[in-house]
**Student:** 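What follows is a structure written as structure tokens; I'll ask about it next.
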Amino acid sequence: MNPMPTSPDQLIQELRQYELELQAWLQSSAVNALWFLVDPVDALRTANVGLSEESLQELQKTLESLEAKLNHLALQPPATHTLGTHKMQNRITAS
């Protein structure tokens, strides 16, 4: 069994190690590809391309954290988003 990834870089490295196997599994069926879009970790687990359970759990945590952050951003009023507001403010003050 592979050691538990301790950093995002290690997780990405392990995902890349099995990229060809995953691509073959995804291309073997439209159902597999859709499954991966809907629930990537469960699909990876079922595909059994060689990722360790520890890596799959780490990926699940990472995806859940990302989803929570995106949901938080989506709930904020547009004026509170910091992405791109500096450029917009510069355009307004330059007018």
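Every value quoted in this text rests on a predicted model; they were computed, and no experiment measured them.
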**Student:** Could you tell me whether the side chain of R45 reaches within less than 4.5 Å of the side chain of V41, counting heavy atoms only?
**Tutor:** yes
**Student:** When you measure from the side chain of Y18 to the backbone N and O of G50, does any donor-acceptor pair fall under 3.5 Å?
**Tutor:** yes
**Student:** So, using side-chain contact (heavy atoms from CB on, under 4.5 Å) as the criterion, who are the partners of S29 when residues are at least two apart?
**Tutor:** V31, N32
**Student:** Just checking, is any N or O donor in the side chain of E19 or Q23 under 3.5 Å from an acceptor N or O on the other one?
**Tutor:** yes
**Student:** Under a 4.5 Å cut-off applied to non-hydrogen side-chain atoms, are Q57 and E53 in contact?
**Tutor:** yes
**Student:** Looking only at side chains, do Q60 and E64 share a donor and an acceptor under 3.5 Å apart?
**Tutor:** yes
**Student:** Taking side chain as C-beta onward, heavy atoms only, is S65 less than 4.5 Å from K61?
**Tutor:** no
**Student:** From the options L63, L51, L11, select the one residue that forms a side-chain contact (heavy atoms from CB on, under 4.5 Å) with E58.
**Tutor:** L11
**Student:** Look up atom CH2 in W25 and atom CG in L44, then write down how far apart they are to the nearest 0.5 Å.
**Tutor:** 7.5 Å
**Student:** Measure the spacing between CG of L66 and CG of N71 and express it to the nearest 0.5 Å.
**Tutor:** 9.5 Å
**Student:** Do L22 and F36 have side-chain heavy atoms sitting under 4.5 Å apart?
**Tutor:** yes
**Student:** The criterion is side-chain hydrogen bond (donor to acceptor under 3.5 Å, both in side chains); which residues satisfy it with D42, sequence neighbours excluded?
**Tutor:** W35
